[in-house]
Amino acid sequence: MKKALITGITGQDGYYLSKLLLENGYEVHGTVRRASLINTFRIDELISNYRNGELTLHYSDLLDSASLSSLINIIQPDEIYNLAAQSHVSVSFKNPVYTTQVGTLGSVSILEAIRSKDKVIKFYQASSSEMYGGSSKEKLNESSPFNPKSPYAASKVFAHDITKIYRDSYDLFCVNGILFNHESPMRGETFVTRKITRAVGRIKMGIQKKVTLGNLDASRDWGFAGDYVEGMWMMLQHENPSDWVLATGESITVKSFAEKAFEYVDLNYEEYVESSEKYFRPNEVDFLLGDSSKAKKELGWKPKTSIDELIKIMVDEDIKLANREKVLIDENLLKPTWENPSS
Ligand code: NAP
Ligand code: G4F
């Protein structure tokens with residue numbers, strides 16, 4: 001039985017990746033940050049389904065290199081997936097030092113632990129299309145230049161480079177997955193796709209009136225997170241370590257995403273979507289479009305879910321959630337707090 005350690009197991013990708021690995025017979029270990037409230041809601045279903053030692057959670061933080069090193073010693077994993085990050089680009093402008101510390105220290109701490117203890121452990125770094133900066137309309141691949149435009153993206157460039165440096169200097173099996181945006185019903189609610197689909201669900205159920213977004217003209221290459229975690233796993237099964245782009249090869253604007261999501265429930269987005277400077281960024285990544293032909297050729301990976309299917313999956317789930325919220329509101333057990341989110 002293979003053992004995997006996942007940092008950031010409580011996040012969107014942590015859920016889909018741990019589900020995939022558990023279904024494939026892995027013993028999965030994940031790091032959880034201590035918080036005043038329990039923050040495992042995304043993986044609660046897995047915790048309850050895998051109670052016989054298949055899934056173990058450990059308190060840790062990417063800023064605590066001693067805890068990471070000690071976990072690696074105790075668990076002796078075959079594979080480590082470094083998914084943890086302060087992953088919100090807009091928040092990274094407000095918390096630049098913290099975002100940089102988490103984005104940079106985590107990767108080098110884990111790599112250093114692998115180098116000094118067990119060089120056969122395979123390492124996956126969650127790199128990001130944000131590193132490219134989005135100034136070109138060209139399809140971006142593994143050779144395209146980086147031009148980071150946020151503290152988040154700059155920290156990801158460091159982690160990406162240090163992963164390559166450890167691979168080349170110490171012959172470690174370390175890979176960078178340069179993933180373009182990937183979404184799901186597990187997506188954090190302040191990322192734009194989920195902010196839109198949550199609003200669609202609530203507006204359809206009559207418990208929200210409008211949604212206020214930022215730059216509607218930004219364009220992204222959006223895929224389904226469930227497809228992308230398969231690519232992460234495939235990278236660590238490949239014969240040789242390298243860097244791979246995962247993307248759909250299609251980019252649409254925020255406006256177009258909103259239009260499709262509202263249209264799916266027979267509503268006209270123009271009646272419900274507003275734009276405010278409040279959600280604009282100091283430096284915007286205008287356009288991202290990826291070319292994942294290397295991953296297709298070498299890993300046999302390709303996205304399975306179209307943008308229309310992704311929107312359907314997300315809106316359907318968010319209508320169910322809004323339905324449950326409506327029942328609670330009608331019984332005076334819940335107060336709506338979603339009209340003015342912070343990001
Ligand atoms: P996410 O939902 O925001 O999850 C981030 C995870 O990191 C959460 O488990 C979070 O814990 C954890 N975390 C945050 N700060 C931490 C710290 N100081 N120490 C330990 N854990 C910490 O992000 P995601 O969408 O799953 O993305 C996974 C990774 O891929 C991230 O590194 C992200 O930057 C990268 N990425 C994502 C995309 C995308 O489109 N989703 C694209 C490219 C790259 P809490 O639950 O306690 O907050
Ligand atoms: O959903 P977003 O916040 O995602 P963003 O900035 O592209 O970052 C995500 O994808 C990256 C991969 O490229 C990851 F590395 C990163 O961790 C994260 O998962 O914003 C997408 C676009 C931006 O251009 C933003 O300005 O949507 C625009 N936008 C318009 N209105 C908005 C809003 N973004 C947010 N979060 N909220 C809005 O109201």
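Here the structure is a predicted model, which is why all the values come from computation and not from measurement. Just so you know, ligand 1 is whichever comes first in the structure, and atom 1 is the first atom listed for that ligand.
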Going by the atom numbers of ligand 2, which of them fall below 4.0 Å from some non-hydrogen atom of His88? 36 (N)
Show, in sequence, the C-alpha distance, side-chain angles and deciding distance for Ser92 and Thr99, and conclude whether the side chain to side chain donor-acceptor pair (under 3.5 Å) test is met. CA-CA 6 Å; Ser92 82; Thr99 303; 5.1 Å; no
Return yes or no for this condition: an N or O of Asn82 is under 3.5 Å from an N or O of ligand 1. no
Does ligand 1 have an atom under 4.0 Å from some heavy atom of Tyr98? yes
Closest to atom 36 (N) of ligand 2 among protein heavy atoms sits Thr190 O, 2.8 Å
Could you tell me whether Leu83 and ligand 1 have an N or O pair separated by under 3.5 Å? yes
Does Leu63 come within less than 4.0 angstrom of ligand 1, counting non-hydrogen atoms of the residue? no
Ser128: numbered ligand 2 atoms lying under 4.0 Å from its heavy atoms: 11 (C), 12 (C), 13 (O), 14 (C), 15 (F)
Looking at Lys122 and Asp78, does any basic side-chain N land under 4.0 Å from a carboxylate oxygen? no
Give me the nearest non-hydrogen protein atom to atom 47 (O) of ligand 1 as residue plus atom name, then the distance to 0.1 Å. Asn39 ND2, 3.0 Å
Checking the N or O distance criterion of under 3.5 Å, is ligand 1 in contact with Tyr152? yes
Below 4.0 Å from any atom of ligand 1, is there a heavy atom belonging to His88? no
Any non-hydrogen atom of Tyr152 lying under 4.0 Å from ligand 2? yes
Cationic N near anionic O, under 4.0 Å, Asp316 to Lys312: yes
Does ligand 1 come near enough to Ser60 that some N or O of the ligand is less than 3.5 Å from an N or O of the residue? no
Have a look at ligand 2 and work out which part of Lys156, if any, has a heavy atom under 4.0 Å from it: side chain, backbone, both or neither. neither
Among all the protein's non-hydrogen atoms, which is closest to atom 10 (C) of ligand 1, and how far away is it? Thr10 OG1, 4.1 Å
When you check the gap from the basic side-chain N to the acidic O, do Lys255 and Glu259 get nearer than 4.0 Å? no
Regarding ligand 1, does Leu179 bring an N or O atom to under 3.5 Å of one of the ligand's N or O atoms? no
Does ligand 1 come near enough to Thr31 that some N or O of the ligand is less than 3.5 Å from an N or O of the residue? no
Ring geometry between Phe146 and Tyr132 (parallel below 30°, tilted from 30 to 60°, perpendicular above 60°): tilted
Looking at Tyr26, I'd like to know if the NZ or CZ of Lys2 sits under 6.0 Å from its six-membered ring centre while staying within 45 degrees of the ring's axis. no
Can you tell whether the side chains of Arg198 and Glu325 come within less than 4.0 Å, N to carboxylate O? yes
Here the atoms of ligand 1 under 4.0 Å from any heavy atom belonging to Ala126 are 29 (C), 30 (O), 32 (O), 35 (C)
Considering both backbone and side-chain atoms of His182, is one of its nitrogen or oxygen atoms within less than 3.5 Å of a nitrogen or oxygen in ligand 1? yes
Assess whether a salt bridge exists between Asp318 and Arg194, defined as any Lys/Arg side-chain N lying under 4.0 Å from an Asp/Glu carboxylate O. yes
Would you mind checking if Lys260 and Glu263 are paired as a salt bridge, meaning a charged N to carboxylate O distance below 4.0 Å? no
Quick test: of every protein heavy atom, which one is nearest to atom 19 (O) of ligand 2, and how far off is it to 0.1 Å? Arg187 NH2, 2.9 Å
So if I count the atoms of ligand 2 from 1 in the order they appear, which ones are less than 4.0 Å from some heavy atom of Val89? 6 (O), 8 (O)
In this structure, does ligand 1 have an atom that sits under 4.0 Å from one of the heavy atoms of Val102? yes
Charged N to carboxylate O under 4.0 angstrom, Glu230 versus Lys304? yes
Which atoms from ligand 2 have a heavy atom of Val254 less than 4.0 Å away? 27 (O), 28 (C)
Regarding atom 2 (P) of ligand 2: of the candidates Arg220, Arg194, Arg281, Glu130, which has the closest heavy atom? Arg281
Show the atoms of ligand 1 that are less than 4.0 angstrom away from any heavy atom in Ser127. 43 (C), 44 (C)
Between Asn268 and Phe262, which heavy-atom pair has the shortest distance, and what is it? C-CB, 4.4 Å
Should the ring pair His238 and Trp244 be called parallel, tilted or perpendicular, given that the plane angle runs from 0 to 90° and is split at 30 and 60? perpendicular
Nearest to atom 18 (C) of ligand 2 by heavy atom, Ser87, Gly290, Gly103: which? Ser87
At less than 4.0 angstrom from any non-hydrogen atom of Ala218, what atoms of ligand 2 do you find? 24 (O)
Among all protein heavy atoms, pick out the one at the shortest distance from atom 31 (N) of ligand 2; state its residue, atom name and that distance to 0.1 Å. Gly214 N, 2.7 Å
At under 4.0 Å between heavy atoms, what of Asp286 touches ligand 2? The answer is neither
N/O to N/O below 3.5 Å, does that happen between Ser128 and ligand 1? no
Mark yes or no: Lys195 above the aromatic ring of Tyr279, with NZ or CZ under 6.0 Å from the six-membered ring centre and no more than 45 degrees from the axis. yes
For ligand 2, which atoms, with element, lie under 4.0 Å from some heavy atom of Ser129? 12 (C), 13 (O)
Would you please classify the geometry between the His88 ring and the Phe191 ring as parallel, tilted or perpendicular, with 30° and 60° separating the classes? tilted
Close-contact set for ligand 1 against Asn181 heavy atoms, below 4.0 Å: 40 (O)
In ligand 1, the atoms that come under 4.0 Å of a heavy atom of Gly11 are 2 (O), 4 (O), 8 (C), 9 (O), 26 (O)
Taking the six-membered ring of Tyr170, is NZ or CZ of Arg115 closer than 6.0 Å to its centre and within 45° of its axis? yes
So which of Arg187, Gln101, Glu183 gets nearest to atom 41 (N) of ligand 1, if we judge by its closest heavy atom? Arg187
How long is the span from the NZ atom in Lys19 to the CG atom in Asn24, to the nearest 0.5 Å? 10.5 Å
Near Glu284, which atoms of ligand 2 are under 4.0 Å from a heavy atom of that residue? 23 (C), 24 (O), 25 (C), 26 (O)
Nearest-neighbour protein heavy atom for atom 21 (C) of ligand 2, which is reported as residue plus atom name and distance: Val192 CG1, 3.8 Å
I'd like to check whether Gly14 has a polar contact with ligand 1, where a contact means an N/O of the residue lying under 3.5 Å from an N/O of the ligand. no
Heavy-atom proximity to atom 23 (O) of ligand 1 ranks first, among Ala247, Ser87, Ser107, for Ser87
With ring-ring contact (aromatic ring centres under 6.0 Å, His included) as the criterion, how do Phe173 and Tyr166 come out once you've worked through the C-alpha distance, each side chain's angles and the decisive distance to 0.1 Å? CA-CA 9 Å; Phe173 196 109; Tyr166 270 65; over 10 Å; no
Thr197 and Val315: which non-hydrogen atoms are nearest, and at how many Å? CG2-CG2, 3.8 Å
Nearest-0.5 Å distance, OG of residue Ser109 to CD1 of residue Ile114: 11.0 Å
Salt-bridged, Asp13 to Arg187, with N to O below 4.0 Å? no
the protein heavy atom lying closest to atom 10 (O) of ligand 2 turns out to be Asn181 ND2, 3.0 Å
What I want to know is whether Ser129 and ligand 1 share at least one N or O pair that is separated by under 3.5 angstrom. no
Is any NZ, NE, NH1 or NH2 atom of the basic residue among Lys326 and Asp330 found under 4.0 Å from an Asp or Glu carboxylate oxygen of the other? yes
